[in-house]
Asker: 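A single structure is presented below for examination.
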Amino acid sequence: TIGMLAIDQDGHVAAGTSTNGLTHKVPGRVGDSPIVGAGAYADSEAGAAAATGDGDVMMRFLPSYLAVELMRAGADPSTACKTAISRIKRHYSEFFGAIICANTTGHYGAACNKVPGLSQFRFMVANTESDAPLLKSVDC
Amino acid sequence: RASLPLVINTWPFKDATAAAWDALQSGGSVLDAVEKGCARCETEQCDGSVGYGGSPDETGETTLDAMIMNGDTMEVGAVGDLKRIKNAVGVARAVMEYTSHTMLVGESASLFAENMGFIAEDLTTNKSMNIFSQWLKGNCQPNYRKNVFPDPSQYCGPYKPRATLQPNKMRRHANTHSHD
């Protein structure tokens, strides 16, 4: 799955996702990616967030919506992301998942849940700081 | 240090980031940037978890999910369980721009896409067929069934519901290679 956030210099914000979902899923199964507030959420007054992972679990907690609302209340993107992850972890300690967050000033962050196979989450950033996209990572 | 404009995306899909950034730099909107970035991953089948030819379901079919959201207007376009159309995020944007709905799913979403000019094509590849056939040979493990018989941790379907429900102790199977 790819989840993407874009913010232009005028503060317009958009978010998007695209995935082919879980392998061997039951036919008809839809994951979190296309569910607004779960796979992604954008509000030009607060910022945007996008999630990836075990969509069957993550969608139940609307992590992208929660992260944007926390940023609207003044949380920095990293804190907003971590809080969204810990909300899920409280119920599903072993869930596989990660989230990226960005606010309207161009600050960004990410968080993930540490499980076997996911101890570090890598994501891409492009802004005026460098010509080419930068590979970033956070420890889970 | 923060700076605008900004593009950020999950996973190390660098080409997608570059496609979105180029869209912004050449005067495109943030919607254009997100659509072009996600579409690049659909074309490149990013790590097998995006686009055609990946993650076959229990019948061997690849289906796609996508959404796009405009933070200025709070408009959303989304598709779920999309069949036969490769550009899922493009269809999601078409839902947003050519209907007043938010989400279309399944076969009907594919017919909507064809009516809006998207090309219908097979989303199956040798790779996805191989993933599917190996799975069948391995007694359909893992799968996402529970409270059914025959025992889904041992056998393929078809399955029938059990009379009694077991407490939810299902091991979850999402991982780096199979996730949303």
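A note on names: the letters A, B, ... follow the listed sequences, proteins ahead of strands, and every chain is numbered from 1. In this text the structure is predicted, and so the values were computed from the model without any measurement.
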Asker: What part of Glu61(B) lies closer than 4.5 angstrom to a heavy atom of chain A: side chain, backbone, both or neither?
Answerer: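 For Glu61(B), there is no contact with chain A at all, as no heavy atom is under 4.5 Å.
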Asker: First locate atom CZ of Arg122(A), then atom CZ of Phe13(B), and finally report the distance between them rounded to the nearest 0.5 Å.
Answerer: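 The CZ atom of Arg122(A) sits 9.5 Å away from the CZ atom of Phe13(B).
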Asker: Atom OH in Tyr144(B), atom CG in Asp56(A): separation rounded to 0.5 Å?
Answerer: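 With rounding to 0.5 Å, OH (Tyr144(B)) is 7.5 Å from CG (Asp56(A)).
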Asker: For residues Asp65(B) and Gly31(A), report the shortest heavy-atom separation together with the two atoms involved.
Answerer: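 What the structure gives for the nearest pair is OD2-N, 3.1 Å.
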Asker: Could you report the tightest heavy-atom contact between Ser55(B) and Asn20(A), atom names first, then the distance?
Answerer: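 Smallest interatomic distance, heavy atoms only, reads OG-OD1, 2.7 Å.
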Asker: Atom CD in Glu58(B), atom OG1 in Thr23(A): separation rounded to 0.5 Å?
Answerer: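 Answer for the CD-OG1 pair, Glu58(B) versus Thr23(A), is 12.0 Å.
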Asker: Out of Gly39(A), Ala50(A), Ala40(A), Ala102(A), which one racks up the most heavy-atom pairs below 4.5 Å with chain B?
Answerer: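 Top count of heavy-atom pairs under 4.5 Å with chain B: Ala40(A).
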Asker: Do the side chains of Ser29(B) and Asp8(A) get nearer than 4.5 Å, heavy atoms only?
Answerer: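 A side-chain contact under 4.5 Å is absent here.
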Asker: State, to 0.1 Å, how close Val30(B) and Ala6(A) come at their nearest heavy-atom pair, and which atoms those are.
Answerer: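 Taking every non-hydrogen atom into account, CG1-O, 3.6 Å.
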Asker: Taking every heavy-atom pair that is under 4.5 Å apart, which of Ile99(A), Ile7(A), Val125(A) has the most such pairs with chain B?
Answerer: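 Ranked by contacts with chain B, first place is Ile7(A).
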Asker: Taking Val68(A) as the starting point, is it possible to reach Leu66(A) by hopping between hydrophobic residues whose side chains are less than 4.5 Å apart?
Answerer: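 Unlinked, Leu66(A) and Val68(A) end up in two clusters.
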Asker: Would you say the side-chain atoms of Thr10(B) and Thr52(A) include a donor-acceptor pair closer than 3.5 Å?
Answerer: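 No.
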Asker: Select, from Gly21(A), Gly117(A), Gly11(A), Ser33(A), the one with the greatest count of heavy-atom pairs under 4.5 Å involving chain B.
Answerer: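 That would be Gly21(A).
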Asker: Can you tell me how far apart CD1 (Ile2(A)) and CG (Asn9(B)) are? Round to the nearest 0.5 Å.
Answerer: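 It is 4.0 Å, given to the nearest 0.5 Å.
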Asker: Roughly how far, to the nearest 0.5 Å, is the OG atom of Ser64(A) from the CE atom of Met67(B)?
Answerer: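 Going from CE on Met67(B) over to OG on Ser64(A), the span is 8.0 Å.
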Asker: Just so I understand: if I count every heavy-atom pair under 4.5 Å between each of Ala78(B), Gly51(B), Gly53(B) and chain A, which residue has the most?
Answerer: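 Between Ala78(B), Gly51(B), Gly53(B), the count favours Gly51(B).
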Asker: Heavy-atom distance under 4.5 Å to chain A: side chain of Leu64(B), backbone, both or neither?
Answerer: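 Contact with chain A is through both the backbone and side chain of Leu64(B).
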Asker: From Met4(A) CE over to Cys41(B) SG, what is the distance, rounded to the nearest 0.5 angstrom?
Answerer: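 Here the interatomic distance stands at 7.0 Å.
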Asker: For chain B, which candidate among Gly53(A), Gly16(A), Gly47(A), Ala132(A) shows the most heavy-atom pairs at distances under 4.5 Å?
Answerer: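 That would be Gly53(A).
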Asker: What do the steps show when you test Val36(A) against Met103(B) for side chain to side chain contact (heavy atoms under 4.5 Å, CB included), and what is the final call?
Answerer: CA-CA 9 Å; Val36(A) 56; Met103(B) 185 179 204; over 6 Å; no
Asker: Highest number of heavy-atom pairs under 4.5 Å with chain A: which of Gly157(B), Pro56(B), Gly80(B), Gly106(B)?
Answerer: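 When all of Gly157(B), Pro56(B), Gly80(B), Gly106(B) are compared, Pro56(B) has the most.
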Asker: Which of the residues Asn70(B), Thr63(B), Thr59(B) is involved in the greatest number of heavy-atom pairs with chain A at under 4.5 angstrom?
Answerer: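 Looking at each option in turn, the highest pair count goes to Thr63(B).
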Asker: Against chain A, label Thr62(B) side chain, backbone, both or neither, depending on which of its atoms sit under 4.5 Å from a heavy atom there.
Answerer: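 Only the side chain of Thr62(B) comes within 4.5 Å of chain A.
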Asker: Go through the atoms of Ala88(B) and report whether side chain, backbone, both or neither lie under 4.5 Å from a heavy atom of chain A.
Answerer: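 Just the side chain, heavy atoms under 4.5 Å.
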Asker: Using modelled atom types only, decide if a donor and an acceptor are shared between the side chain of Thr19(A) and the backbone of Ser49(B) within a distance under 3.5 Å.
Answerer: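 Checking the backbone N and O of Ser49(B) against the side chain of Thr19(A), a donor-acceptor pair under 3.5 Å is found.
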Asker: Determine the sole option in Asn143(B), Asp180(B), Asp57(B) for which the side-chain contact (heavy atoms from CB on, under 4.5 Å) test with Lys25(A) is passed.
Answerer: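 Running side-chain contact (heavy atoms from CB on, under 4.5 Å) over Asn143(B), Asp180(B), Asp57(B) with Lys25(A) returns exactly one hit, Asp57(B).
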Asker: Among Gln9(A), Met59(A), His12(A), Arg29(A), which residue forms the greatest number of heavy-atom pairs with chain B at distances under 4.5 Å?
Answerer: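 So the answer, after comparing Gln9(A), Met59(A), His12(A), Arg29(A), is His12(A).
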Asker: Given side chains that start at C-beta, do those of Val26(A) and Arg145(B) come closer than 4.5 Å, heavy atoms only?
Answerer: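 They are in side-chain contact.
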Asker: Side chain, backbone, both or neither: which part of Ser137(A) has a heavy atom under 4.5 Å from chain B?
Answerer: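 Interface part for Ser137(A): neither.
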Asker: For the interface with chain A, which of Asp72(B), Asp81(B), Val89(B), Thr73(B) has the highest count of heavy-atom pairs at distances below 4.5 Å?
Answerer: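 The candidate making the most pairs under 4.5 Å is Asp72(B).
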Asker: Is Met71(A) reachable from Leu4(B) through a run of hydrophobic residues whose side-chain heavy atoms are each under 4.5 Å from the next?
Answerer: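 Different clusters: Leu4(B) never reaches Met71(A) through Ile, Leu, Val, Met, Phe, Trp or Tyr contacts under 4.5 Å.
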Asker: So which of Ile8(B), Val34(B), Val7(B) has the largest heavy-atom pair count under 4.5 angstrom toward chain A?
Answerer: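 Most pairs with chain A among the choices: Ile8(B).
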Asker: Inspect the surroundings of OH in Tyr159(B) and state if more than 12 heavy atoms from other residues, nucleotides or ligands are less than 6.0 Å away.
Answerer: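 Enclosed: over 12 neighbouring heavy atoms sit under 6.0 Å from OH of Tyr159(B).
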Asker: For chain A, which candidate among Gly54(B), Ala39(B), Ala18(B), Ala16(B) shows the most heavy-atom pairs at distances under 4.5 Å?
Answerer: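 Heavy-atom pairs under 4.5 Å are most numerous for Gly54(B).
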Asker: Which of residues 112-136 of chain B have a heavy atom under 4.5 Å from any heavy atom of chain A?
Answerer: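 Ile131(B), Trp135(B) fall under the 4.5 Å cut-off.
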Asker: Do you know which of Pro34(A), Ala42(A), Ser44(A), Ala98(A) has the most heavy-atom pairs under 4.5 Å to chain B?
Answerer: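 Heavy-atom pair counts peak at Pro34(A).
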Asker: Answer with side chain, backbone, both or neither: which region of Val76(B) has an atom nearer than 4.5 Å to a non-hydrogen atom of chain A?
Answerer: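 Side chain of Val76(B) only, per the 4.5 Å heavy-atom cut-off to chain A.
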Asker: Do the non-hydrogen side-chain atoms of Trp11(B) and Phe121(A) ever get within less than 4.5 Å of each other?
Answerer: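 Trp11(B) reaches Phe121(A) side chain to side chain.
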Asker: Can you tell me if Lys114(A) has over 12 outside heavy atoms packed within less than 6.0 Å of its NZ?
Answerer: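 Counting neighbours around NZ of Lys114(A), 12 or fewer heavy atoms of other residues, nucleotides or ligands fall under 6.0 Å, so no.
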Asker: Just wondering, do Leu6(B) and His107(A) contact through their side chains at under 4.5 Å, heavy atoms?
Answerer: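 No, every pair of side-chain atoms sits at 4.5 Å or beyond.
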Asker: Is there a continuous path of hydrophobic side-chain contacts, each under 4.5 Å between heavy atoms, that joins Leu31(B) to Val13(A)?
Answerer: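 Yes; Val13(A) is reachable from Leu31(B) via cluster members.
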Asker: Less than 4.5 Å apart, any side-chain heavy atom of Met74(B) and any of Tyr41(A)?
Answerer: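 Touching, per the 4.5 Å side-chain cut-off.
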